[in-house]
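Working notes, beginning with the structure itself.
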4 protein chains.
Amino acid sequence: MQFKEKQSIYQQIAEYMYEQVLGGKWPDDTRIPSIRDMAVQMEVNPNTITRTYTLLQDQGIIYNQRGIGYFTTAHASEVARVQKKQEFIQTFLPEVFKTMASLNMPVEELEALYRDYMTQNKGRLYENK
Amino acid sequence: MQFKEKQSIYQQIAEYMYEQVLGGKWPDDTRIPSIRDMAVQMEVNPNTITRTYTLLQDQGIIYNQRGIGYFTTAHASEVARVQKKQEFIQTFLPEVFKTMASLNMPVEELEALYRDYMTQNKGRLYENK
Amino acid sequence: MQFKEKQSIYQQIAEYMYEQVLGGKWPDDTRIPSIRDMAVQMEVNPNTITRTYTLLQDQGIIYNQRGIGYFTTAHASEVARVQKKQEFIQTFLPEVFKTMASLNMPVEELEALYRDYMTQNKGRLYENK
Amino acid sequence: MQFKEKQSIYQQIAEYMYEQVLGGKWPDDTRIPSIRDMAVQMEVNPNTITRTYTLLQDQGIIYNQRGIGYFTTAHASEVARVQKKQEFIQTFLPEVFKTMASLNMPVEELEALYRDYMTQNKGRLYENK
DNA sequence: GTGGTCTAGACCACC
DNA sequence: GTGGTCTAGACCACA
């Protein structure tokens, strides 16, 4: 996996995991890769994965069974969806709208850009990795 | 001024200055507050303001007259607009659209949220502080 | 059986067995469930039960007859009582008192909480499961 | 500082910090030792202190000012008191009472032990370090 | 100076 | 095998 510069690696891996859950790759209440396996897969130090898993556990997306491994929670996908949507609407969108206002960009242009984006990425979403 | 946690302070101040320029508070080719005044106003270490001013100077939004002070450039507002729009479309929007896709949020909902936002903030934009 | 997070499973099962002995469910010198049966009953890996039984055996609460099974010792209840009381007074209570001191909680409040607890759980103690 | 075996070091340091706050050594809204200083003082790796500080920050006892250091929050002592008391009553005391019941220990004995403890430790509480 | 992050490697208890 | 913790050392952005 390639990492961007601006965000910390463990957060980017958290993003990746959100995608797995939201995209249905990791159904509710199933085992996910062990810390060591994930570290190998992501080409990263196990400690970094530990950081990510701890974060996701605090957020109620995954949990741990002693000596066995990590699992998605029973309502992981729902929790993830609600959480991400709330964050999106409350902290992300206002930034978007504020910027649009300062640029005098009409909502129609936003729509147009959206359609461009969707046709370009049609079918490619969540096929990553 | 209150600062968010996630972004560095000098960048948040840069954001603030962009707003001043784009909102017409700081017309092209006019003097802006000295580093010291700005530091007092923002309740921040002068070093931090220096960093912001250096950034804005590199971007061609402001320039320095030795011993006199900092000024907005002749085309500050235009430069700011172009620059911000480019950043918005290339690095910000893709994130927005990707999140929308993962949440199955239709573009119509985005529009609706936009209109909500605009009615709520009608006339309040750029009355900051 | 539901397990808490902070304590290891084999120790929690040991706790459960102490209760059986102290509560008279398992009289002195009687057979207790086999490792396999206990594992099924507790929904746990047999290895974990083995660990618990080994611990209890070391403490003189149970013993093993090869090929037959595990039994409580002749003085199991007495041994368990003494042992638990010692542990309680030497390692547990000091923590309690220290916390009370830091919270400025008077001993009267402790008493009151004790009576609350006892009335709520009257008759329910050792009706476990 | 000497560490016990059963609890992880970073949690024991968290306990220590709670004592500082509850005992008034660290008033509300004051700077606390930097991560590096604390690491030296506790004879521990800075990463371990980071772990502790992150925990306390999540609990709202301390907060961070970028590039400056960590501070106790405005209501640190209150938050700490409430939090610790709740934990004590809900998760600690039931264990105590349950054990007392299984040992047939009357509440009077608990009182007596409490008075013993207090006379022994009179004046010594919170004078540590 | 500050904290934030990451790596490499290790040891441990537990299942 | 699993995760949890700790160390030593490093680099970076930031104030």
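Since the model is a prediction, treat every value here as computed from it, not as a measurement. What's counted below: heavy atoms across the whole structure, side chains too, no hydrogens, waters or symmetry copies. Letters go in sequence order (proteins before strands), and every chain restarts at 1.
- For A/Arg66, no side-chain nitrogen or oxygen approaches OP1 or OP2 of E/dC14 to under 4.0 Å.
- Applying the salt bridge (Lys or Arg N to Asp or Glu O under 4.0 Å) rule to B/Arg51 yields no partners; only residues at least two apart in sequence or on another chain are considered.
- Using a 4.0 Å heavy-atom cutoff across all strands shown, A/Tyr70 reaches sugar-phosphate atoms only and no base atom.
- Among the protein residues, A/Arg36 comes within range of the nucleic acid bases, having at least one heavy atom under 4.0 Å from a base atom.
- Residue C/Met42 holds its CE atom at 11.5 Å from OG1 of C/Thr48, rounded to the nearest 0.5 Å.
- With sequence neighbours excluded, the residues forming a side-chain hydrogen bond (donor to acceptor under 3.5 Å, both in side chains) with A/Gln11 are A/Ser8, listed by chain and number.
- For residues 32-59 of chain C, the pairs satisfying ring-ring contact (aromatic ring centres under 6.0 Å, His included) are C/Tyr53-C/Tyr70, with sequence neighbours left out.
- For residues 20-47 of chain D, no pair satisfies ring-ring contact (aromatic ring centres under 6.0 Å, His included), with sequence neighbours left out.
- Bracketed by its first and final contacts, the part of DNA chain F lying under 4.0 Å from non-hydrogen atoms of chain D reaches from F/dT5 to F/dA15 in 5' to 3' order.
- Toward the 5' end of DNA chain F, the nearer of the two residues B/Asn45 and D/Pro46, judged by each one's closest nucleotide, is D/Pro46.
- DNA chain F forms stems at E:1-14 with F:1-14, each a run of 3 or more consecutive Watson-Crick or G-U wobble pairs whose two key distances fall under 3.5 Å.
- For the pair C/Gln65 (side chain) and C/Phe71 (backbone), a donor-acceptor distance under 3.5 Å is absent.
- Here CZ of C/Arg31 is found 12.0 Å from OG1 of C/Thr72. Values are rounded to the nearest 0.5 Å.
- Distance CD (D/Gln7) to C1' (E/dA13): 16 Å, rounded to an integer number of Å.
- Among the atoms of the strands shown, only primed sugar atoms or phosphate atoms (P, OP1, OP2) are found under 4.0 Å from some heavy atom of D/Tyr10.
- Ring centers of C/Phe92 and D/Phe92: under 6.0 Å apart, within the cut-off.
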